[in-house]
Amino acid sequence: MQDTIIEDTSSHEVLAALQSNMVAFWSAYGRAKGSTWQATSEVVWFYTGIKVPLFNGVLSADLNPDGVKATVDGLQAKLDEQGAPALWWIGPGSKPDHIGSLLEQHGLQPAGEVPGMAIDLVRMDSKPEMPTNFTVQKVSKPEMQSLWGRIAAVGTGFPGDAVDAMARLEATLGDTQYMAQHRYIGSLNGTPVATSAMVLDSGVAGIYAVATIPQARRKGIGRIMTVTPLLEARQIGYRVGTLQASSMGYPIYKKIGFKDVCKYRLYLQAGAR
C-alpha cells in the first residue's frame, strides 16, 4: 500500500516519518549478506562490520531499562567479534526518557548531536545552475553501486579500508526494498565526484549520503546533489523532504530551505567494556 503523503513540514507526523524513513534507508545495509538486522516494535539496530560507527548501531529505541541493557549487550557481542564501533541515535521519541544516562552507565560515550531537518518541497527553488561539464545520473547496476559506495565513502571521509568495504557491500545489495531507493552519481568533466541517495518512504522524501570528494568541493555540487532528487520527488507528488544533517552539510541545507525540526543525540559504543 502506498504511503500517505505528508502535506507540510508543520504536520505532527513529520518527526515519526523522518525517523521511519531513516530506518528504511539503513535497513538495506542491515539486510546485506554478513550483516545483522534486528527490528521489533521496541528497537531497531543493525551491524555491518564496516569500521565506521555510522554503519552500525541503534536507529530507534522504545525500551525499558532492561531492554537498554539487553540491546547494549547484543551490540557488544558484535563489537567483540568484529571490532567495528556503533552509534545509538537518540531522537525525540526515544525511550526511556533517561536513556542517555543509562547508556553512559553502560560505558557508552556522548558523540554529539545531529539536526533532523525538513523542507517544504512546494516552496523550494528550482534546480540550481549546473557547473560547466557537470552531470547527474542514477545508479542502475552493481558496477555503479560499487562506484557510488566508493565515492560516498571518500566524500564522507572514511579511512581507506572502510572505503573498500563500503564499495564491496554496496555492490551486493539488490533486494526489492533496496532497488526501490534512488542513488545518484555526480560527475565533473566525466569524473565521478559526488553522490546522494533518496528514499521515498513514510510519506516523505528522505535524502542521504550527500558527499563530494575533497578536490571537487566549493563548486555548489552538494546543493545540486541534494536538490536534484527532491525535484524528482516533488514532480511525482511528494510535499516534504527530510534529512539528518552533518556539520559540513548543514549550512548548505539551510540555504536550500531546510528547517530544524528535531535533534538526535548520538552515543558511541566502541571497544571492550
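We're numbering straight along the sequence, starting at 1.
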*Quick one: do Val199 and Ile236 end up in the same hydrophobic cluster if we chain Ile, Leu, Val, Met, Phe, Trp and Tyr together by side-chain heavy atoms under 4.5 Å apart?*
yes

*Salt bridge Arg31-Asp175, side-chain N to carboxylate O under 4.0 Å*: yes

*asked:* Counting C-beta onward and ignoring hydrogens, is there a side-chain heavy-atom pair between Thr195 and Tyr184 closer than 4.5 Å?
replied: no

*Answer yes or no: are there more than 12 heavy-atom neighbours, outside Met248 itself, under 6.0 Å from its atom CE?*
no

*Enter the distance from Asn64:CG to Glu42:CD here, rounded to the nearest 0.5 Å.*
6.5 Å

_Shortest non-hydrogen contact between Ile50 and Ala165, atoms and distance_ = CG1-CB, 4.0 Å

*In the single-linkage hydrophobic clustering (I, L, V, M, F, W, Y; side-chain heavy atoms under 4.5 Å), do Trp37 and Met179 co-cluster?*
yes

*Which atoms form the tightest heavy-atom contact between Val210 and Ile207, and what is the distance?*
CG2-CG2, 3.5 Å

_So for atom CD, which belongs to Glu113, do other residues, nucleotides or ligands contribute more than 12 heavy atoms lying within a distance under 6.0 Å?_
yes

_Nearest atoms (heavy-atom pairs only) where Ile221 meets Ala194_ = CG2-CB, 3.5 Å

*asked:* Checking Leu87 against Leu268 for the side chain to side chain contact (heavy atoms under 4.5 Å, CB included) test, could you report, in this order, the C-alpha distance in whole Å, the side-chain angles of both residues, the deciding distance, and whether it holds?
replied: CA-CA 5 Å; Leu87 281 179; Leu268 179 67; 4.2 Å; yes

_If I take atom CZ from residue Arg217 and atom OG1 from residue Thr212, how far apart are they, to the nearest 0.5 angstrom?_
7.0 Å

_Using side-chain heavy atoms (C-beta onward) and a distance below 4.5 Å, is Leu231 in contact with Thr228?_
no

*Measure up the Phe55 and Tyr29 rings against each other and bin them: parallel (under 30°), tilted (30 to 60°), perpendicular (over 60°).*
perpendicular

*Closest heavy-atom pair and its distance - Leu18, Met117*: CD1-O, 3.6 Å

*Taking only Lys NZ, Arg NE, NH1 and NH2, and the carboxylate oxygens of Asp or Glu, determine whether Asp120 and Lys259 approach each other closer than 4.0 Å.*
no

*Donor-acceptor contact present, side-chain Asp62 to main-chain Lys95, <3.5 Å*: no

_Check: His182/Lys138 side-chain N/O donor and acceptor closer than 3.5 Å_ = yes

*May I ask whether Ile5 and Met198 are part of the same hydrophobic cluster, defined by side-chain heavy atoms of I, L, V, M, F, W, Y residues being less than 4.5 angstrom apart, directly or through others?*
yes

*Does NZ belonging to Lys255 count more than 12 external heavy atoms closer than 6.0 Å?*
no

*For Gln38 and Thr71, indicate whether the former's side chain and the latter's backbone hold a donor-acceptor pair under 3.5 Å.*
no

*Inspect the surroundings of CD in Gln235 and state if more than 12 heavy atoms from other residues, nucleotides or ligands are less than 6.0 Å away.*
no

*Report the C-alpha distance between Gln269 and Leu79 in whole Å, list the side-chain angles of each, state the deciding distance to 0.1 Å, and finish with yes or no for side chain to side chain contact (heavy atoms under 4.5 Å, CB included).*
CA-CA 8 Å; Gln269 185 170 346; Leu79 265 74; 4.0 Å; yes

